[in-house]
> 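Dropping the structure in here first, questions after.
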Number of protein chains: 2
Amino acid sequence: MPTSESVDDYLRAILELSGKSEERVSSNGLATRLGVRAASVTGMLQKLAAQRPPLVLYEKHRGVRLSAAGMRRAWEIVRHHRLLELFLHDVLKYSWDEVHEEAERLEHFISERFEDRVAAILGDPEVDPHGHVIPHRNGTIPVREEVPLVEWPIGKPAVLSSVSDRDPAALRELQRLGLVPGSGLVVDESKPNASLLVRLSGQKRQIRLSIELALHVAVDASRI
Amino acid sequence: MPTSESVDDYLRAILELSGKSEERVSSNGLATRLGVRAASVTGMLQKLAAQRPPLVLYEKHRGVRLSAAGMRRAWEIVRHHRLLELFLHDVLKYSWDEVHEEAERLEHFISERFEDRVAAILGDPEVDPHGHVIPHRNGTIPVREEVPLVEWPIGKPAVLSSVSDRDPAALRELQRLGLVPGSGLVVDESKPNASLLVRLSGQKRQIRLSIELALHVAVDASRI
DNA sequence: GCACTAATTTAGGCTAGCCTAAAAAATTCT
DNA sequence: AGAATTTTTTAGGCTAGCCTAAATTAGTGC
Ligand SMILES: [Mn+2]
Ligand SMILES: [Mn+2]
Ligand SMILES: [Mn+2]
Ligand SMILES: [Mn+2]
């Protein structure tokens, strides 16, 4: 069962919108994420659910979630995406904010051989340039506990684990501020004007972070 | 005027079938090369000729050739293809016979940035793994005089310049025999049973080369 | 020049994936 | 609960690129 570029995009969008808890995803949510109309989403979901084996579990008016086969394919595409991002960054010297767009296109077209060779060159890496874990070749997903920075307790030291990759301008700003995966930091204060005051480890200077920007950031929650 | 994968394939096929002399290409020839029906070719050619600016010059029943715009786009795709082949071979350690298929797919989807970074990593290379010249970034095509091995005079020393990349089995066989770009050789005899007897420079052993295999090989004709 | 054959084009259809507009179902509000 | 609103689905259409079958044109042999 080969999948088209569009089908791959739907599966990955369902995976990403459903979150850790694998909740059902709405047609509207998918339409917004994919930049198509809700009617187009309904049509596609009906097709994916009718495949044997089905790629999604779909009940009219009740949202959709991935089947086992859909889950497998979605994570496969995510592995392509994250390996490509790291490859573009480390080997082809793309900047942090440039990798996502190119990876989003190429993820659909590289072969398993390409995937394997890139993984080998990069030394079977564990995370992409934005700090997201890279699924293993065999389909297993490394677990990692993360919390959105906006939910992290005031005053408790944290380690930045990942940043969202979809907004190049935000990425450039975060890099400028030194907020990259691995950075240690403390949230000093959550201001009423919808911003956070944070300090990087070993620095006295406070950084004022808008909520919109802070929403792009997650920290390591392994010892919450 | 963005071009689709199919359109790119048509343009590249017209370029490759029309040869140095830029002869008109027939619908049937294109259909065979592209693995589609002649009726589909006619439909596509009419569409490409109707674009403003047109990508091909097409006269009913009289074949087709590339317009200036079509030529530009076709060589652009060829540059992608050949850079990708060299990159897959040199960086990702693909073998000689594996690069073509992957490059054929990816050539349509890499960005100009990707093209530039790959070219930079490879040091602005002049030829791909099969000995084919790589068009320059600005669109100019390096000239090189080549002659099919089967037309090369008996007994005259030659240098192998390129081999066709579309037949993996033939490529493996040629590599096994030591017939790679740069190899010096002499044709000793053209046998009536449709084969050539050749010797590699500095070797006494004769190699028997079927005409089918020999048709895959071209030699440097700069001093014919 | 005419008949036959080969190449090409036209006509009509199909699928994937998108769209708009209208209908129907679910949810929210009073 | 019943009305109003929002979400989702259905219905009908469109384009790109492919197909088969039927014309048409070009080329060949006599
Ligand atoms: Mn990404
Ligand atoms: Mn995509
Ligand atoms: Mn090739
Ligand atoms: Mn292609």
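Every chain is numbered from 1, with letters handed out A, B, ... down the list of sequences.
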> Just checking, is any N or O donor in the side chain of N28(B) or S26(B) under 3.5 Å from an acceptor N or O on the other one?
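There is no such pair between these side chains.
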> Has Y10(B) got a side-chain N or O lying under 4.0 Å from the OP1 or OP2 atom of dA16(D)?
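It does not, given that no N or O in the side chain of Y10(B) lies less than 4.0 Å from OP1 or OP2 of dA16(D).
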> Verify whether one side chain among H89(A) and D128(A) offers a donor that lies under 3.5 Å from an acceptor in the other.
no
> Check whether any side-chain N or O of S6(A) sits under 4.0 Å from OP1 or OP2 of dA16(C), and answer yes or no.
no
> Mind calculating the distance between CG (D8(B)) and P (dG17(D)) to the nearest angstrom?
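Those two atoms, CG and P, are 10 Å apart.
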> Does dC18(D) have OP1 or OP2 sitting under 4.0 Å from an N or O in the side chain of R37(B)?
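It does not, given that no N or O in the side chain of R37(B) lies less than 4.0 Å from OP1 or OP2 of dC18(D).
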> Side chains of residues 35-47 of chain B: which donor-acceptor partners sit under 3.5 Å, not counting sequence neighbours?
| from | atom 1 | to | atom 2 | distance (Å) |
| --- | --- | --- | --- | --- |
| T42(B) | OG1 | A38(B) | O | 3.3 |

> Under 4.0 Å, heavy atom to any atom of DNA chain D: which of residues 59-74 of chain B qualify?
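Output list: H61(B).
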> Please state whether the phosphate of dT8(D), meaning OP1 or OP2, lies under 4.0 angstrom from any side-chain nitrogen or oxygen of Y58(A).
no
> Given atom CD of Q46(A) and atom C1' of dA11(D), what is their separation to the nearest angstrom?
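Q46(A) atom CD is separated from dA11(D) atom C1' by 12 Å.
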> May I ask you to verify if any side-chain N or O of S4(B) is less than 4.0 angstrom from the OP1 or OP2 atom of dG17(D)?
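Yes, because at least one side-chain N or O of S4(B) sits under 4.0 Å from OP1 or OP2 of dG17(D).
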> Output yes when at least one side-chain N/O atom of N28(A) is less than 4.0 Å from OP1 or OP2 of dT6(D), else no.
no
> Distance check: side-chain N/O of S40(B) vs OP1/OP2 of dC18(D), anything under 4.0 Å?
no
> When you get a sec, tell me which of dG17(C), dT8(D), dC19(D) is the closest nucleotide to the side chain of S27(A)?
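Among the listed nucleotides, the one closest to the side chain of S27(A) is dT8(D).
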> Please confirm whether the shortest side-chain N or O distance from T42(B) to OP1 or OP2 of dT10(C) is below 4.0 Å.
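No, T42(B) has no side-chain N/O under 4.0 Å of OP1/OP2 on dT10(C).
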> With respect to the phosphate group of dA16(D), does any side-chain polar atom (N or O) of K47(B) fall under 4.0 Å of OP1 or OP2?
no
